[in-house]
Visitor: 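Here it is, the structure in full.
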Number of protein chains: 2
Amino acid sequence: MNTRTALLDSAERAARQRGYDGFSYADLASDIGIRKASIHHHFPKKADLARELIDRYATRFADQLSEIAAAEPNAAAKLRAYHGLYRDALGAGTQLCLCVAFSAGRDSLTEPVLDQLNTFHARSTAWLSLVFEEGAVDGSVANLTDAADDARATLALMEGAQLLARAAVDLSLFDQATAAFLCRLSPSQMH
Amino acid sequence: MNTRTALLDSAERAARQRGYDGFSYADLASDIGIRKASIHHHFPKKADLARELIDRYATRFADQLSEIAAAEPNAAAKLRAYHGLYRDALGAGTQLCLCVAFSAGRDSLTEPVLDQLNTFHARSTAWLSLVFEEGAVDGSVANLTDAADDARATLALMEGAQLLARAAVDLSLFDQATAAFLCRLSPSQMH
DNA sequence: TCGCAACTACCTACTACTAGGTAGGTAATT
DNA sequence: AATTACCTACCTAGTAGTAGGTAGTTGCGA
């Protein structure tokens with residue numbers, strides 16, 4: 001792993017724990033073991049770092065959604081896996097999804113970062129809409145309304161549940177907040 | 001209105017827009033028109049300010065919940081009013097509920113502030129549980145599961161919907177994210 | 001294969017500014 | 001007289017960023 005990737009990893013951890021305004025180049029320098037000024041070689045401005053952080057996070061998340069779409073047999077299984085992505089992203093309640101962490105401090109972000117943040121949300125919503133449409137056909141999801149509304153509600157629920165768990169550093173709050181959602185999903189089929 | 005209250009108002013606006021790490025005593029001094037050092041007379045440390053902010057916010061919110069409980073005839077009406085509190089708190093998508101704004105930067109908060117933040121969430125959840133129990137009796141809310149689960153899911157949905165709307169500064173995202181939730185509520189009775 | 005120019009990835013040193021906070025002072029108020 | 005609510009002046013620490021330097025690496029022509 002090279003220094004540039006190590007810096008991105010360190011920055012992601014810091015941002016997901018404390019938000020964009022809650023970490024500094026000094027934090028990353030200390031974590032990685034290089035001088036603060038050296039970071040500017042890789043990322044001339046902090047906004048450049050933020051842009052690359054969210055670009056790679058969105059790409060990785062899109063890949064994960066594609067894997068779920070390919071691997072899971074029905075809408076319920078896809079939604080359960082989607083839920084799992086958000087639950088795993090929490091760690092033990094010690095960090096948030098990068099986009100949740102960035103959203104609260106959005107006034108500190110540059111236009112390209114905000115564009116990518118909103119694109120992330122739009123793409124998540126679009127993916128979820130397709131899944132809920134599939135659920136309307138395969139019957140594996142209960143209490144469906146409009147697919148786009150269900151999609152946005154699900155995204156909001158995941159982000160909100162993360163915030164509750166993060167506030168108390170208690171993963172079980174995420175589980176409780178999303179228990180009713182999981183109840184809507186048909187159990188996985190035995191094979 | 002005295003200076004102390006003006007400072008709390010200014011700090012609340014700033015914190016709800018940019019989070020705890022995103023504003024400073026200098027911002028408040030500039031807004032109110034006193035010197036930065038003068039703020040320390042009212043709030044010796046920034047953490048003291050945060051504590052008073054969240055205390056008064058929680059008190060005000062609890063009062064609002066009591067008013068809703070007293071004024072609304074059934075669970076659906078109470079939930080619609082609750083939804084309205086979160087929607088109104090957004091402004092035009094320019095700010096968040098204080099507890100949402102504080103949650104993302106929770107590592108910067110002191111223990112008393114965190115305790116109050118988590119108490120806020122617990123009290124909201126308890127109030128919502130009672131409302132969902134009422135809904136199970138009066139039949140005004142559809143698709144009920146466990147009252148405590150429904151309560152936490154609702155709180156998460158409101159906080160998450162706020163984040164989505166805040167990220168894009170677009171109130172309609174809040175409305176879309178909560179549309180399915182509102183569909184579960186019986187229409188208000190005509191009198 | 002070698003020498004060398006260009007480049008990379010760091011370094012030290014520094015700038016300008018911001019942040020939270022303290023100390024001592026003063027005019028107005030109680 | 002004591003207290004309050006501000007003030008100026010200043011402190012330490014932190015922040016993002018720049019400039020110039022250097023050792024190591026790379027690529028290429030001879």
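Quick note on labels: first sequence line is chain A, next is B, and so on, each numbered from 1.
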Visitor: Just the rounded figure in Å: distance from C1' of C:dT22 to CD1 of B:Ile39.
Guide: 15 Å
Visitor: List, with names and distances, any nitrogen or oxygen atoms from the protein found under 3.5 Å away from nitrogen or oxygen atoms belonging to nucleotides 24-30 of chain C.
Guide:
none

Visitor: Let me know the distance between CG of B:Asp21 and P of C:dT18, rounded to the nearest Å.
Guide: 18 Å
Visitor: Specify whether A:Tyr25 and A:His40 have parallel, tilted or perpendicular ring planes, treating 30° as the upper limit for parallel and 60° as the lower limit for perpendicular.
Guide: tilted
Visitor: Specify the separation, in whole Å, of atom NE2 of A:His40 and atom P of C:dT8.
Guide: 19 Å
Visitor: Do B:His121 and B:Glu159 have side-chain atoms, one donor and one acceptor, less than 3.5 Å apart?
Guide: yes
Visitor: For A:His83 and A:Phe181, take the angle between the two ring planes, folded into 0 to 90°, and tell me which bin it lands in: parallel under 30, tilted 30 to 60, perpendicular over 60.
Guide: parallel
Visitor: Atom OG in A:Ser103, atom CD in B:Gln162: separation rounded to 0.5 Å?
Guide: 12.0 Å
Visitor: Rounded off to whole Å, could you give me the CG-to-C1' distance for the B:Leu49 and C:dG21 pair?
Guide: 14 Å
Visitor: Could you run through nucleotides 9-15 of chain C and give me one letter per nucleotide, 5' to 3': B if any protein heavy atom sits under 4.0 Å from the base, S if only the sugar-phosphate is that close, - if neither?
Guide: BSBBB--
Visitor: When the distance from NZ of A:Lys45 to C1' of D:dA16 is rounded to whole Å, what number comes out?
Guide: 9 Å
Visitor: So what does A:Phe23 hit on the nucleic acid, given a heavy-atom distance under 4.0 Å: a base, only sugar-phosphate, or nothing?
Guide: sugar-phosphate
Visitor: How many Å lie between OH on B:Tyr25 and P on D:dA5, as a whole number?
Guide: 15 Å
Visitor: Compare every heavy atom of A:Ala148 with every heavy atom of A:Ser129, then report the nearest pair and how far apart it is.
Guide: OG-CA, 3.4 Å
Visitor: Using whole Å, report how far CG of A:Leu28 lies from P of D:dT15.
Guide: 10 Å
Visitor: Hey, which sits more toward the 5' end of DNA chain D by its nearest nucleotide, A:Ala26 or A:Pro44?
Guide: A:Ala26
Visitor: Tell me whether the rings of B:Tyr82 and B:Phe61 are parallel (<30°), tilted (30 to 60°) or perpendicular (>60°).
Guide: perpendicular
Visitor: Does the distance from a Lys or Arg side-chain N to an Asp or Glu carboxylate O, for B:Arg152 and A:Asp175, drop under 4.0 Å?
Guide: no
Visitor: Is a salt bridge present between B:Asp115 and B:Arg51, judged by a nitrogen-to-oxygen distance below 4.0 Å?
Guide: no
Visitor: Indicate yes or no: does B:Arg56 engage B:Asp9 in a salt bridge with an N to O separation below 4.0 Å.
Guide: yes
